[in-house]
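Whatever order the structure lists them in is the order used to number ligands and atoms, beginning at 1. Residues: numbered from 1 along the sequence shown.
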Amino acid sequence: MTAAPDPLSIRRLYGRAQGHPLRANAQKLIDELLPRLAVPEEGPLSAETLFGDARPLAFEVGFGKGEHLGFQAALRPDWGFIGAEPYLNGVAGLLAEVEERGLSNVRVHRGDALDVLERLPDASLSTLYLLHPDPWPKARHTKRRFVNAGPLKLVAAKLKPGGEFRVATDHVGYMRHTLAVMQSQPQFEWTAETPDDWERIPADWPDTRFAEKARALGHDVWRLIYRRA
Ligand SMILES: C[S@@+](CC[C@H](N)C(=O)[O-])C[C@H]1O[C@@H](n2cnc3c(N)ncnc32)[C@H](O)[C@@H]1O
């Protein structure tokens, strides 16, 4: 018997799981700090199990080097932030942010975001960030994008009513894909009301490394905020 196809069709990596060898201080963070902040590998998760109380939760999918997650966690010290990223050098980057900013409200999963997302209680997230997701630019690969029915069903289930799903991309194909796919998702409403909203940069949304690179090349960066209906 063949296994049923995985409805969460993004469980394949576009990029690398590791880049250059880690420097000594980054390796130390992986060896010593990561075990203290790692999301447990199994079992149900909640604000209580992760942070010891019923605080609001936010989640970042594919946090890269962690600069955005570090910023958000410093901005809202009474929230709990969960980040998932398979790229080891990126995880070390987030751990450096945690250490430098003295954060105590961050938990980290080195791996697929969906493996953590599916273990959270329904209606438990206040915000979910998806910033410059892997573009999977070839037409035959678009089903591997995070913005697709399977992952979005999970995002809709895990966000609280009124919770925000924030998406950024510098890939015009991904932007158009997101607008089209999200339009067919009645659980989400796009918050932009005027062209100005589309271009306005919210103060609590700093550029990520990928956004900076895109702007340096003269590319546009699109930011979309959807609200869970
Ligand atoms: C283009 S990079 C953007 C990184 C960062 N968000 C930024 O804006 O600088 C996309 C990131 O998503 C991560 N990623 C890919 N698939 C993932 C998955 N299933 N779960 C979590 N992260 C994933 C990649 O490892 C990569 O670091």
Side-chain angles (χ1 to χ4, degrees), residues 6-20 22 26 30 34 37-39 41 45 57-73 81-98 106-120 125 127-138 141-155 158 164-175 177-178 201-202 204-217 219-225:
D6 187 349
L8 304 172
S9 54
I10 68 154
R11 292 180 202 256
R12 288 184 63 165
L13 269 188
Y14 176 82
R16 304 168 294 173
Q18 183 164 7
H20 58 73
L22 295 180
I30 295 288
L34 182 57
L37 302 188
V39 172
E41 286 298 326
L45 302 168
L57 292 178
F59 192 105
E60 185 165 336
V61 176
F63 54 72
K65 289 288 185 98
E67 65 284 349
H68 173 269
L69 190 50
F71 171 92
Q72 293 294 347
F81 287 81
I82 308 162
E85 171 59 66
Y87 181 47
L88 183 67
N89 307 59
V91 172
L94 175 63
L95 296 173
E97 288 278 336
V98 167
V106 175
R107 298 293 178 268
V108 190
H109 174 65
R110 184 191 173 198
D112 191 329
L114 296 174
D115 292 341
V116 175
L117 203 51
E118 63 193 359
R119 290 193 283 140
L120 289 167
L125 293 177
T127 312
L128 188 136
Y129 304 99
L130 176 69
L131 308 178
H132 302 271
D134 288 335
W136 292 106
K138 291 185 181 159
H141 289 157
T142 55
K143 62 181 182 303
R144 294 186 189 157
R145 290 175 173 167
F146 189 93
V147 174
N148 265 312
L152 289 176
K153 195 172 168 200
L154 204 52
V155 175
K158 302 306 169 183
E164 280 188 2
F165 176 39
R166 290 188 171 193
V167 186
T169 183
D170 53 288
H171 187 274
V172 67
Y174 208 114
M175 182 270 286
H177 169 91
T178 302
I201 299 181
D204 69 343
W205 193 341
D207 272 349
T208 63
R209 195 166 290 237
F210 268 72
E212 280 171 6
K213 276 191 208 164
R215 290 191 204 281
L217 291 169
H219 298 169
D220 286 323
V221 171
W222 292 280
R223 294 159 187 250
L224 308 169
I225 304 180

Enquirer: When you compare ligand 1 with E60, is there at least one nitrogen or oxygen pair between them that comes in under 3.5 angstrom?
Expert: no
Enquirer: Ring-plane angle category for F81 and Y129, please: parallel below 30°, perpendicular beyond 60°, tilted otherwise.
Expert: parallel
Enquirer: Below 3.5 angstrom, do we get any N/O pair linking G62 and ligand 1?
Expert: yes
Enquirer: Within a strict 4.5 Å, meaning less than it, do heavy atoms of the V167 and F146 side chains meet?
Expert: no
Enquirer: Would you call R223 and D207 a salt bridge, using N to O less than 4.0 angstrom?
Expert: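 So R223 pairs with D207 through a salt bridge.
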Enquirer: Does P86, backbone or side chain, put an N or O under 3.5 Å from an N or O of ligand 1?
Expert: no
Enquirer: Under 4.0 angstrom from ligand 1, any heavy atom of G90?
Expert: no
Enquirer: Quick one: list whatever passes side chain to side chain contact (heavy atoms under 4.5 Å, CB included) with N89, sequence neighbours left out.
Expert: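 Once residues adjacent in sequence are excluded, the partners of N89 under the side chain to side chain contact (heavy atoms under 4.5 Å, CB included) criterion are Q18, H20, L22, K65, Y87.
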Enquirer: Mind checking what makes ring-ring contact (aromatic ring centres under 6.0 Å, His included) contact with H219, not counting sequence neighbours?
Expert: none
Enquirer: Looking at W136, is R145 sitting on its ring face, NZ or CZ under 6.0 Å from the six-membered ring centre and within 45 degrees of the normal?
Expert: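 That pair does not qualify as a cation-pi contact.
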Enquirer: Would you mind listing which atoms of ligand 1 come within a distance below 4.0 Å of any non-hydrogen atom of A113?
Expert: 18 (C), 20 (N), 21 (C)
Enquirer: Looking at R209, which atoms of ligand 1 are within less than 4.0 Å of one of its heavy atoms?
Expert: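 Counting atoms of ligand 1 from 1, those under 4.0 Å from R209 are 9 (O).
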Enquirer: Yes or no on side chain to side chain donor-acceptor pair (under 3.5 Å) for D170 and H132, after CA distance, side-chain angles and deciding distance?
Expert: CA-CA 7 Å; D170 53 288; H132 302 271; 2.6 Å; yes
Enquirer: Relative to the heavy atoms of H132, which atoms of ligand 1 are at a distance of less than 4.0 Å?
Expert: 1 (C), 2 (S), 3 (C), 8 (O), 10 (C)
Enquirer: Can you find an N or O of E85 that's nearer than 3.5 Å to an N or O of ligand 1?
Expert: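 Yes.
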Enquirer: Heavy atoms, side chains only, cut-off 4.5 Å: are I82 and H109 in contact?
Expert: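 Not in contact.
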Enquirer: Do any heavy atoms of G111 fall under 4.0 Å from ligand 1?
Expert: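 The answer is yes: ligand 1 sits under 4.0 Å from a heavy atom of G111.
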Enquirer: Of the choices L69, V116, D207, T208, which has the non-hydrogen atom that lies closest to atom 8 (O) of ligand 1?
Expert: T208
Enquirer: Just distances here: any N/O of F210 and N/O of ligand 1 closer than 3.5 Å?
Expert: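 N/O-N/O distance below 3.5 Å exists for this pair.
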